[in-house]
Asker: 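First the structure, which I've put down as structure tokens, then a few questions once you've had a look.
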Amino acid sequence: MIRKSLTTSILLGLALATSNAQAEGKLSLYHWFEYMPQELLDKFSEEFDVEVTMDTYDSNEALLASLKAGKLGSYDLAVPGDYMVEIMANEGLLDTIGEGELANAGNMEAQWVDVPFDQGRKHSIPYQWGSTSFSVNRDVFKGDINTTDILFNPPAELAGKINMLDSQGEVLLMASLHLGIPQCSTDRDQLKALDDLLQSSKQHWASFGSDIAKDVMVSGDAAAGMLYNGFSAKGRAEGANIEYAYPKQGYVVWMDNVVLLKDAPNRDNAIKFMDFMLVPENIAAVTNYARYAAGVTGAGEFTDPELASQPESAPPADAPAGAFIAVCDQATQEVYDQIWTRLRK
Amino acid sequence: MDRYAYSKRFDVKRYPGFLLITMVCLLILYAPLLVVMVYSFNDSLSITKWGGFSLRWYVDVFTGLEAEKYKRAAWNSLSIALMAATVSTAMATAAAIGMVRGGQFKGKSLSFGLISIPIMVPEIVTAVAMLIFFSTIGLTLGYGSILIAHIVFCIPFAYLPIAARLQGIESSYEEAAQDLYANRWKTFRFVLMPILFPGMLSGFLLAFIISLDDFIITNFIKGAGVETLPTAIFGAVKQGIKPNIMALSTLMLLFSVLMVSLSYIIGRTDRSVDSKSNKD
Amino acid sequence: MAAFGSGSTVSRTFAPVRNWLLMPTWLTVGIFMLLPLLLILVYSFLTKEFRGGVIWEFSLAAYDQFIFDRGLFGDAEPSIEWTYINIFLRSLVQATVATLFCLLIGFPTAYFIATRPPSTRSLWLFLITVPYWVNLLIRTVSMKFLIRESGPLNQALLGLGIIDTPLEIINTNLAVQLGLFYSYLPFMVLPIYASVERYNFSLSEAGADLYAGKWTILRRIILPSIKPGIIAGCILVFVPSLGAFLAPDLLGGAKTFMIGSLIEEQFKGNAGNWPFGSAASMILLSLVLFVLLFYARSQAREQL
């Protein structure tokens, strides 16, 4: 009896294990956390009879690390930010989209086609774009917040209650903007100053985390925190009295892109999904969910009218233009990596 | 004062304050769990304000938007735990018989060391080791890699109760059976296994729960689209402790209580077997 | 330790096929556990590849980075790098403190339960076993919820008027410490309970007959007798505390690195330095093996 029950349980287990593979096709998505409405995935699943699975990461660097640690070949699509598209292409992690493969390629807004990080969109399509700076809980601090001092030289009310994104690119760029030094600097004094700034600011920061960034603002665990603009808008919608800042020293702008990964196990479905995301109505659903801006012509028709007026998407007139994160050469990047390591250790 | 009379007057088993500390201990252990349990019935969207009693988050766990994700994760968790516990119990049973019934042999302590590696090595090191190993041999991370890892680290947990029980069983039963021309398999199946079974079952249960519980190793070596309950919950919790997570946690908690009760019942049968064999 | 195979239960039925019985376990653990551990050792001596991965060239850079600070640009006069040593020391201190507090609460609890009459004992034991079986992640999350700034603990204390401003526990070393203590407390109680249960109380009676006071009996008779249980409990708390990941990550705000989070960061986070992560793993492993060796030796001495 026991042997039979053991055998049965093994067989049952195996049956369970393989039962996942019933759907016609599959699609394996590697995506940022909280960046894709489940309804949209369900819609795609239904329309194309494809079973979609999605795993999440919380920074561009974590995506890269994970793909290089053996996960390449198990995902079809990922959604890296601008500079990471370029890095991933250079590392040979991306597949090329063939000429004419995407039926809806024409829907891309012209300004997002010949982008410096992917000239002519060989590997990617636009997903969402937005900015990164920080938000402040207005119950705690009522003064001027449009300055990077909030992060690096905070007023007493905020010191020790700041959450930083766990994202090397964005933190180092914000610090560089605060100091007014260029990205990919090779000037030793500038790099030293950057290192000193981060070392001395660290005492004011309570935590590092990207996925927790909105929650700590909503729950009150942090009084100020680096945030993406749409994420801040969602936090405000969840009841936090937070205001998103456009600091006068500058802030980060970015575009996230759906990329076709090398060795994608379901390449055909991946192309279908990219086409699907270029349909204005579909990408607008992401915009409505994540509160960023799409890069697809005609999406505006389907977006929530409130989006146009949300303060997180409207830099004040005197705000400077935001800066994209630059890709540095290896020798320079290694110094920046070192600065980051010294900060996080 | 008569010291002798004094010494008879106190109960040597009793120490003042120990009851209080026990209460503190239970309070510490249970307070967080009870709080989460209570708040899982909170009707309010905001998790920290009480908005009346409701089962809506339990409904959400089973029918909400993320229900599919958690269902799949629960499926993965249970099927992996079931298979890992079964395979590791089978291996551990064989190994325990080899170790306990094998007499003294060269490399016995080495062999024992090998079996207990997964228990001795810190989880994070095991996780790193397996990640590097799988990526070096080019195995695609996924269901298979998780299953292999779980089988490996369950082996010592299954082994210990089985070996412990086997220690207490004299080998004369088997030898008698063999004298009656039973082959090895039959000897095991019809003589040794019935006596050993409670040990195998507690080994199985321990392995099962250890597999269900694992987060660190699974989180390192999981692959595309394959989540277990702990990794799925961890991912969700990072973005805030939502009420549906509390409902899910409460359900898992109740499952654990069920498992403990189960192992208690088995423990009781175990004891009755003991007393029976003592009588014989 | 009786389970560890030294009984006189040799059987001529199974002794001849001993190796065959052990083979599946040898192979499984050998290939999927021992080999990977050796691989970490190898990786810790390899060269880090830019942006993750390794180059198969021998290098001591990982250990060098652990011990020496060569400045921002890597060309300064090397001085001792205290950061990682401090992370290890802090982890050691936190694991030790957690162990001590677990012992302080766990021993009286275990003793109390073990001295209950059999009728109520199983109920007490059940109560202490349940948290032991509850998923560690869920327990850590529950603790995070309880102690957060606007969480039930602060609400209750504020409501009762005990405090005026919320306690800031979350994202501090204290939270990590609390988390470790809470996570592994049941690991301390159960082995001590098992020892006390086997303890022969006529020894205490004898002590009392010889005019020893209560606390003298505890210190001089009971504690030495149940030492194996105490040591086992301490190891079960200390070792996982040392490499803990969930408590520092969820309760400490991922800011206070402990060894576990430091290693995790090298493989999953921004750092992406495999050789360094491997070196840190090897150092952690050596520490743990050192503790276990110490334990094994004390066990052996006990038996002599």
Side-chain angles (χ1 to χ4, degrees), chain B residues 3 7 12-13 18-19 21-22 25-26 29 32-33 35-36 48 91 94-95 97-103 111-112 114-115 117-118 120 122 124-125 128-130 132-133 148 152 155 160 163-164 167 171 174-175 178 184 187 209 213 215-216 230 233-234 237 241 249 252-253 256-257 259-260, chain C residues 2-5 7 9-15 18 21-22 24-26 28-29 32-33 36-37 39-40 43 105 108-109 111-112 115 127 129-131 133-138 141-143 145-146 150 152 182 185 201 204-205 208-209 211 214 243 245 260 263 267 277 281 284-285 288 292:
Chain B
R3 293 288 302 265
S7 79
V12 289
K13 282 190 176 182
F18 277 24
L19 170 66
I21 296 178
T22 305
C25 179
L26 289 175
L29 287 175
L33 298 177
V35 164
V36 163
T48 45
M91 284 188 191
I97 296 174
M99 289 289 284
V100 178
R101 291 293 192 250
S111 183
F112 179 68
L114 195 67
I115 294 171
I117 290 180
M120 298 191 303
I124 187 88
V125 177
V128 166
M130 293 205 172
I132 290 183
F133 178 72
I148 291 174
V152 174
I155 287 177
L160 290 177
Q167 294 279 349
S171 55
E174 300 136 60
E175 311 208 328
Q178 214 179 13
R184 271 195 199 96
T187 307
I209 207 89
D213 196 46
F215 167 74
I216 297 181
I233 290 177
F234 182 79
V237 157
I241 305 173
S249 301
M252 287 177 72
L253 211 142
S256 304
V257 175
M259 295 289 293
V260 187
Chain C
F4 289 1
T9 43
V10 192
S11 107
R12 59 188 151 84
T13 316
F14 294 111
R18 180 184 62 218
L21 289 168
L22 284 164
T25 302
W26 280 343
T28 312
V29 180
F32 294 108
M33 190 74 218
L37 285 176
L39 205 57
I40 314 189
Y43 264 63
I105 297 284
T109 305
Y111 183 91
F112 179 80
T115 52
L127 282 176
T129 321
V130 166
W133 287 58
V134 171
N135 196 303
L136 182 60
L137 172 68
I138 291 192
V141 169
S142 307
M143 183 54 101
F145 178 68
L146 181 69
S150 56
Y182 168 70
L185 181 56
F201 275 96
S204 291
E205 304 268 1
D209 289 345
Y211 303 109
K214 250 183 183 200
F245 169 72
I263 293 174
F267 292 90
S281 302
L284 171 61
L285 187 60
V288 169
L292 291 175

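Labels below follow one simple rule: chain letters A, B, ... track the order of the sequence lines, proteins then strands, and each chain is numbered from 1. What you are looking at is a predicted structure, and each value in this text was computed from that prediction instead of being measured. In what follows, every heavy atom counts, from backbone to side chain, and hydrogens, waters and symmetry copies are set aside.
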Asker: Within the 4.5 Å heavy-atom criterion, are C:P108 and B:T22 side-chain neighbours or not?
Answerer: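 Contact flag for C:P108/B:T22 side chains = no.
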Asker: With chain B, which of C:L39, C:T115, C:I263 has the greatest number of heavy-atom pairs at distances under 4.5 Å?
Answerer: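 It is C:L39.
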Asker: Please flag which part of B:I155 lies under 4.5 Å from any non-hydrogen atom of chain C: side chain, backbone, both or neither.
Answerer: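 Only the side chain of B:I155 comes within 4.5 Å of chain C.
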Asker: For B:F215, which atoms come within 4.5 Å of any heavy atom of chain C: side chain, backbone, both, or neither?
Answerer: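 Only the side chain of B:F215 comes within 4.5 Å of chain C.
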Asker: What option among C:L22, C:V288, C:L146 has the most heavy-atom pairs under 4.5 Å with chain B?
Answerer: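 The residue among C:L22, C:V288, C:L146 with the greatest pair count is C:L22.
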Asker: Side chain from CB out, backbone as N, CA, C, O: work out which of these in B:I21 comes under 4.5 Å of a heavy atom of chain C, or both, or neither.
Answerer: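 It is both, since atoms from each part get that close.
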Asker: Which pair of non-hydrogen atoms, one from C:L21 and one from B:G98, has the smallest distance, and what is that distance?
Answerer: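 Where C:L21 meets B:G98 most closely, the heavy atoms are CD1-N, 3.9 Å.
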Asker: Considering non-hydrogen atoms only, spot the tightest contact between B:I124 and C:G260 and give its length.
Answerer: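 Residues B:I124 and C:G260, closest heavy atoms: CD1-O, 3.6 Å.
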Asker: Out of B:S249, B:A129, B:S256, which one racks up the most heavy-atom pairs below 4.5 Å with chain C?
Answerer: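 Heavy-atom pair counts peak at B:A129.
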Asker: Can you tell which part of B:L19 gets under 4.5 Å to a heavy atom of chain C, answering side chain, backbone, both or neither?
Answerer: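 Both the backbone and the side chain of B:L19 come within 4.5 Å of chain C.
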Asker: Hey, could you give me the OG/CZ distance between B:S171 and C:F14, rounded to the nearest 0.5 Å?
Answerer: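 Here the rounded value is 10.0 Å.
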Asker: Could you walk me through whether C:F267 and B:I132 satisfy the side chain to side chain contact (heavy atoms under 4.5 Å, CB included) test, starting with their C-alpha distance in whole Å, then the side-chain angles of each, then the deciding distance to 0.1 Å, before giving a yes or no?
Answerer: CA-CA 10 Å; C:F267 292 90; B:I132 290 183; 4.0 Å; yes
Asker: So which heavy atom on B:G102 is nearest to which on C:R18, and how close?
Answerer: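 Reported closest heavy-atom pair: O-NH1, 2.9 Å.
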Asker: Checking C:Y43 against chain B: side chain, backbone, both or neither under 4.5 Å from a heavy atom?
Answerer: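 Looking at C:Y43, just its side chain touches chain B.
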Asker: Looking at B:V125 and C:S281, what are the two nearest heavy atoms and their distance?
Answerer: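 For B:V125 versus C:S281, the nearest heavy atoms are CG2-O, 3.8 Å.
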Asker: Is there a donor-acceptor pair closer than 3.5 Å between any side-chain N or O of B:D213 and the backbone N or O of C:L136?
Answerer: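 Flag set: sc B:D213 to bb C:L136 pair under 3.5 Å.
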Asker: B:I115, B:V128, B:V35: which one forms the most heavy-atom pairs within less than 4.5 Å of chain C?
Answerer: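 Heavy-atom pairs under 4.5 Å are most numerous for B:V128.
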Asker: Do C:N135 and B:P230 have side chains that approach each other closer than 4.5 Å (heavy atoms only, starting at C-beta)?
Answerer: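 Touching, per the 4.5 Å side-chain cut-off.
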Asker: With sequence neighbours left out, what residues match C:T13 under side chain to side chain donor-acceptor pair (under 3.5 Å)?
Answerer: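 Only B:Q178 meet the side chain to side chain donor-acceptor pair (under 3.5 Å) criterion with C:T13.
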Asker: Using every non-hydrogen atom in the two residues, find where B:A95 and C:T25 come nearest and quote the distance to one decimal.
Answerer: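 That closest heavy-atom pairing would be CB-OG1, 3.5 Å.
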Asker: Applying side chain to side chain donor-acceptor pair (under 3.5 Å), name anything that partners C:W133, two or more places apart in sequence or on another chain.
Answerer: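 So C:W133 forms no side chain to side chain donor-acceptor pair (under 3.5 Å) with any residue.
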Asker: So which part of B:V237 gets closer than 4.5 Å to some heavy atom of chain C, the side chain, the backbone, both or neither?
Answerer: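 For B:V237, the contact with chain C is made by the side chain alone.
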Asker: So do the side chains of B:P32 and C:Y182 get within less than 4.5 Å of each other, counting heavy atoms only?
Answerer: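 Yes, side chains in contact.
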Asker: What part of C:I105 lies closer than 4.5 angstrom to a heavy atom of chain B: side chain, backbone, both or neither?
Answerer: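 Looking at C:I105, backbone and side chain both touch chain B.
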Asker: Where does B:L26 contact chain C at under 4.5 Å (heavy atoms): side chain, backbone, both or neither?
Answerer: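 Answer is side chain: those atoms of B:L26 sit under 4.5 Å from chain C.
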Asker: B:L29 versus chain C, heavy atoms under 4.5 Å apart: side chain, backbone, both or neither?
Answerer: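 The answer is both parts of B:L29.
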Asker: How many angstroms lie between CE in C:M143 and CG in B:L33, if you round to the nearest 0.5 Å?
Answerer: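 Output value for this atom pair is 9.0 Å.
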Asker: Below 4.5 Å from any heavy atom of chain B, which atoms of C:L292 appear? Answer side chain, backbone, both or neither.
Answerer: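 C:L292 touches chain B through side-chain heavy atoms alone.
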Asker: Within the 4.5 Å heavy-atom criterion, are B:M91 and C:T28 side-chain neighbours or not?
Answerer: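 Touching, per the 4.5 Å side-chain cut-off.
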Asker: Most heavy-atom pairs under 4.5 angstrom with chain B, which of C:G277, C:G243, C:P36?
Answerer: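 Most pairs with chain B among the choices: C:P36.
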Asker: To the closest 0.5 Å, what do you measure between CE (B:M130) and CG (C:L37)?
Answerer: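 Between B:M130 CE and C:L37 CG, I get 8.5 Å after rounding to 0.5 Å.
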Asker: Between C:V141 and B:I241, which heavy-atom pair has the shortest distance, and what is it?
Answerer: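 That closest heavy-atom pairing would be O-CD1, 3.8 Å.
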Asker: Does any N or O in the side chain of C:Y111 come within less than 3.5 Å of the main-chain N or O of B:K13, such that one atom is a donor and the other an acceptor?
Answerer: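 Checking the backbone N and O of B:K13 against the side chain of C:Y111, a donor-acceptor pair under 3.5 Å is found.
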